Each structure stands twice: as C-alpha cells, then as structure tokens.
Participant: 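Take a look at the following structure, please.
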Amino acid sequence: MKHWLIKSEPATFGIEDLAAAPHRRTGWYGVRNYQARNMLRDEMDKGDLAFFYHSSCAAPGIYGIVKVVKAGYPDPTAFERGHDDYDPASDPAVPRWFAVDVELVRPLAQPIALATLKAHARALGDLAVLRKGNRLSITPVTAEQWRRVLALA
DNA sequence: GCCAACGTTGGC
DNA sequence: GCCAACGTTGGC
C-alpha cells in the first residue's frame, strides 16, 4: 500500500464537501498535469491512503485522510463539452487524463498546518509539498513520512 | 495584490 | 532543439 498527498482548494472542494458527499466519496477529477496524470493512471492503487491538503486558502495544511477506492480510470470531465475541464484533445479512444475515486476515512480533529509541517521539515525529510516551488497536486509520501506527519496531528 | 516557480506553447 | 512569452499555482 502506498501513501500520497492530494491538494484541493477548499473554496472549490474541501474536506467538508467530501464529508457531505454521498458515501463520503468523490471522483478526483480535473487533474491536467502530466506528472500527476501518470500517478493517477499508473501508480495509485485501490486501498492507498492519502492526506487531503487544502491549498490556496487562509490556513493551508492537511485536513483529513482519504482512501483510494477506485484505481485510475479515464477522467470523464475531459470529454464533457462545455465543462470547465473539457479537453477537446483528449480522445475517448485514447484518453489523455485520468482520475481515481477517493473516500473520506476521517477528517483530522486537529488539522496539521503547513507551518507545522515546515517546522518539522528536517524530520520529514524531502516531503514534496515542502519543496520550494512545488505545484504538483498529487505527490507521493513515504511510509515513514506518513507516520511522522500523523504524529504531528 | 505580489511574486517565485514551474509547465506549456509556439516561433525559429 | 532552443528559448521567450505566457498562463497557472500557491504562499504570503
């Protein structure tokens, strides 16, 4: 089982939206970056766990834990004419963009602020979300990093 | 709003 | 293949 960190802007879709979703599940749609696409398509497996991270907000940080409940499949929004994430270059016969489904395991009673992660940067090693200029919306987390991050909650 | 970092596009 | 221009991300 692998571990990940996935980012979302709470103004668009936050941990509370996931908690309110049917079966507390959602399709992780709209990723339009090839590196992240490759992880969705090739590396994320059913059963993997991920930190749910809020970005571009007043208090960025980790707000919950989610589980991958469906491995990579073609992102349907790429084929929806008129959808914000529609990509006319994505041919259904050769899909360009992928998604997974995630389910909320639990929100963190005490979210882990980005500032807290930074304060423990040394112990967390090369945690991708702490890298300067990091913009990837999906990043891998090692088992050791996962454990150490959780210990900060 | 500012700015650094990065990805993508397109001319050559 | 190079590289400048541009758009986006995301913290502050």
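Keep in mind the model is a prediction, meaning the values are calculated, not measured. Convention: sequence-line order gives letters A, B, ...; per-chain numbering from 1.
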Participant: Reckon A/S56 touches a base, only the sugar-phosphate, or nothing at all at heavy-atom distances under 4.0 Å?
Facilitator: base
Participant: Need two values: the first and the last nucleotide of DNA chain C, 5' to 3', having an atom under 4.0 Å from any heavy-atom of chain A.
Facilitator: C/dG7 to C/dC12
Participant: I'd like to know if the side chain of A/H3 and the backbone of A/R147 have a donor-acceptor N/O pair within less than 3.5 Å.
Facilitator: no
Participant: Walk me through it: do A/V68 and A/W28 pass the test side chain to side chain contact (heavy atoms under 4.5 Å, CB included)?
Facilitator: CA-CA 10 Å; A/V68 176; A/W28 207 251; over 6 Å; no
Participant: Strictly below 4.0 Å, N to O, side chains only: are A/D126 and A/R131 in salt-bridge contact?
Facilitator: yes
Participant: More than 12 heavy atoms of other residues, nucleotides or ligands under 6.0 Å from NZ of A/K2: yes or no?
Facilitator: yes
Participant: Can a salt bridge be assigned to the pair A/E103 and A/R25 using a cut-off of 4.0 Å between side-chain N and carboxylate O?
Facilitator: yes
Participant: Can you list, by residue number, the residues of residues 124-139 of chain A that have a non-hydrogen atom closer than 4.0 angstrom to DNA chain B?
Facilitator: A/K132, A/G133, A/R135
Participant: Between the side chains of A/D87 and A/W97, does any donor sit under 3.5 Å from an acceptor?
Facilitator: yes
Participant: Can a donor-acceptor pair be found between the side chains of A/T77 and A/R32 at a distance below 3.5 Å?
Facilitator: yes
Participant: Look at the aromatic rings of A/F51 and A/W146 and report parallel, tilted or perpendicular, splitting at 30° and 60°.
Facilitator: parallel
